[in-house]
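Here, residue 1 is the first one in the sequence, and each next residue gets the next number.
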Amino acid sequence: MSMSTEQQDAVTGRTEEEAAGAGTVVARAARSVAALMPRWVEWKPALRSPRADLTAGLVVALVALPLALGFGISSGLGAAAGLATAVVAGAVAAVFGGSRFQVSGPTGAMTVVLVPIFHEHGASGVLAVGLVAGVVLVVLAFAGIGRAVRFMPAPVIEGFTAGIAVVIALQQVPAALGIAHAEGEKVWQSAFDAARQFVDQPSLLPTAVAVLVAAAILIGGRYLPKLPFSLVAVVVATVVAQLFHLDVTRIGSIPSGFSAPSLGFLDLGELTSLLAPALAVAALAALESLLSATAADSMSVGTRHDPDRELFGQGLANIAAPLFGGVPATGAIARTAVNVRSGARSRLSALTHAVILAGIVYLASPLVAQIPLAALAGVLLATTVRMVETASIVAITRASRADAIVMTVTFLVTVALDLVTAVAIGVGFAAVLALRAVAKSARIEQVPLDEEGDHAAEEHELLREHIVAYRIDGALFFAAAHRFLLELADVTDVKVVILRMSRVTAIDATGALVLKDAITKLEHRHITVLISGAKPEHLRPLSALGVFTTKDSEERHVFATTPRAIAYARMLVLPEHRYAQATAGSEGKGPGGTEALPGE
């Protein structure tokens, strides 16, 4: 069967349109991928003048070494896992991340989430969770989710930051007290059990080491902030422990290198049970990394990170780290701050920090193995003290009662449960309190008719007796509508009610239905309702939900301006011989006279 020329042209046209559409999709995908890739221009300044970045990278590496060891041990996978994460994830995120100052690696917040995963699924489960979380982060980057962090309320941020600090401190209690095995699913439970064991069999030496190391870091950092006191304190504690043969628990042997990349930890049969923990890890990695990058922007001049590219870099970092035995990583706020304050100018500093840590692993692993666990506990305890911004907490507490509640709830849930749950609950509380504030600001009030002219006094009196105008201010939505709109049902002794809606800021379905119900109740009492000033964007939901239509499918009276509504109301209540005067200036708008230009 042959086709006509018109049919052939139609088929050809559709084919060309489909090809053009497919080409557009491919081009859009290619642009998305290109936007997330590293750019040569980002490395030019570093290669021309690398000294500042190399120096900053060295300082950050010295600070990161004890932290990587401590967080690796706290996660349950050991010091080698912490070092592998700092090196592999740190290097990958430095190249592909969206911030030129971000330093990535194992963090205390991530450790809080990983501990229960380790207890339930073991080391292989932690590695698999990190890999899946990395894939999720890459997907989030392509979906453009990175920009959502700007909507995070400040009280939630302060609450979980303080909560993380307390959780990290509680994690260090067993090591600081010299307790090898403390029981408890939650960190506060294991800390309590360690304290109980310490009371039964006290050993003051580990506690003294932890306290002295923490004090040296805090005091030394206050007066000489540019010196890496965390490393100095750990070195001194290790040397003293060796010279005097102190009976303190050490890190123990760690590999003098990294294992070959492998997927041996991945069990496809367990992926379903690991999906929920992986999503929690991905959420935390995204949140902490974006907050850290934002903090780096605020500490530097003329810089701004790319949030989606940052998620992409963190995703690749978390895909790569488990292959080498590393735990999930995030952007590290403390190390990033050290990087900026050390004079870093580009992402070369973060890459340098990873390279130096790799050199330490290959050249100094026997020395690292002799570090006392109590000394690392002291480093992390000092870190928790620095994490808490007392001034910010006090300021938010004084700002409003609602902000104080959100911050307190987020803090308590972080300590009692976990960070992801805390953020979800904190944001939920903030949203509820924000809705409550918006609902309280919405109101309806009776207003004068604003009638002016040469009308007789008895005519004004007649209008006041039979016409009443109400102005609705604020958002007309589910949290506010019932509170004040049903007050209209109590209106009596009038013939006409004018609803002035020009100051309504938003309308949802609930608000529209409650408004319709109030109007219907008035009409049952033979009170005519006129609507004026509804904005164009509000006309569609009001019309769709039947606010402008009675149960008999008749159109209600809708006017673009209040003066026209008043003129029509006067026509209804004034004697017949005044109709002509009343309708003057109404421009013939009667029932159903909705206009496109609202106003008052």
Side-chain angles (χ1 to χ4, degrees), residues 58-87 105-106 108 111 168-169 171-182 194 197-198 201-221 223-224 226-258 335 338 353 356-385:
L58 174 62
V59 174
V60 175
L62 297 178
V63 173
L65 176 60
L67 294 176
L69 295 172
F71 289 137
I73 293 171
S74 297
S75 69
L77 271 72
L83 286 174
T85 305
V87 173
T111 301
I168 296 173
Q171 285 179 335
Q172 310 317 309
V173 170
L177 297 180
I179 304 300
H181 302 286
Q197 295 184 44
F198 179 79
Q201 294 181 343
S203 176
L204 298 180
L205 185 57
T207 304
V209 172
V211 171
L212 289 174
V213 168
I217 294 172
L218 293 175
I219 297 173
Y223 295 101
L224 296 172
K226 293 186 178 181
L227 292 181
F229 273 95
S230 58
L231 183 66
V232 172
V234 169
V235 170
V236 171
T238 304
V239 171
V240 171
Q242 285 290 97
L243 290 177
F244 294 95
H245 305 286
L246 299 181
D247 184 18
V248 290
T249 306
R250 314 299 177 94
I251 289 178
S253 61
I254 61 175
S256 58
F258 299 112
R335 276 157 275 179
V338 172
H353 129 275
I356 292 175
L357 287 178
I360 293 174
V361 170
Y362 281 103
L363 301 176
S365 57
L367 298 178
V368 172
Q370 301 303 318
I371 297 176
L373 288 178
L376 291 182
V379 173
L380 297 178
L381 287 172
T383 301
T384 62
V385 174

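In terms of heavy atoms, Ala377 sits closest to Ala176 at CB-N, 4.1 Å. Across Ile356 and Ala61, no two heavy atoms sit closer than the pair CG2-CB, 3.7 Å. Closest of all the heavy-atom pairs between Arg250 and Gln370 is NH1-O, 3.2 Å. For the residue pair Gly105 and Thr85, the shortest heavy atom distance occurs at C-CG2, 4.1 Å. Closest approach of Val213 and Ala233 over heavy atoms only: CG1-CB, 3.8 Å. Scanning all heavy atoms of the two residues, the minimum distance from Pro206 to Ala175 falls at CB-O, 4.1 Å.
Annotation for Ile219: atom CD1 does not count as buried by contact number, only 12 or fewer foreign heavy atoms lying within 6.0 Å.
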Test side-chain contact (heavy atoms from CB on, under 4.5 Å) applied to Arg335 and Leu67, step by step: CA-CA 9 Å; Arg335 276 157 275 179; Leu67 294 176; 3.9 Å; yes

Quick one: do Leu381 and Val385 satisfy side-chain contact (heavy atoms from CB on, under 4.5 Å)? Show the steps, please. CA-CA 7 Å; Leu381 287 172; Val385 174; 6.0 Å; no

Evaluate the side-chain contact (heavy atoms from CB on, under 4.5 Å) criterion for residues Thr207 and Phe198: first the C-alpha distance (whole Å), next the side-chain angles of each, then the deciding distance (0.1 Å), finally the verdict. CA-CA 10 Å; Thr207 304; Phe198 179 79; 3.9 Å; yes

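The CG atom of Leu246 sits 5.0 Å away from the CG atom of Leu205 when rounded to the nearest 0.5 Å. To the nearest 0.5 angstrom, Ile73 atom CD1 is 9.5 Å from Gln172 atom CD. Between atom CG of residue Leu83 and atom CD1 of residue Ile360 there is a gap of 8.0 Å, rounded to the nearest 0.5 Å. To the nearest 0.5 angstrom, Leu77 atom CG is 10.5 Å from Thr111 atom OG1. Residue Leu376 holds its CG atom at 6.0 Å from CG of Leu69, rounded to the nearest 0.5 Å. Rounding to the nearest 0.5 angstrom, the gap separating the CD1 atom in Ile371 from the OG1 atom in Thr238 is 5.0 Å.
Of the possible polar contacts, one joining the Gln197 side chain to the His181 backbone as a donor-acceptor pair under 3.5 Å is found.
For the pair Leu357 and Val361, the minimum side-chain heavy-atom distance is 4.5 Å or more.
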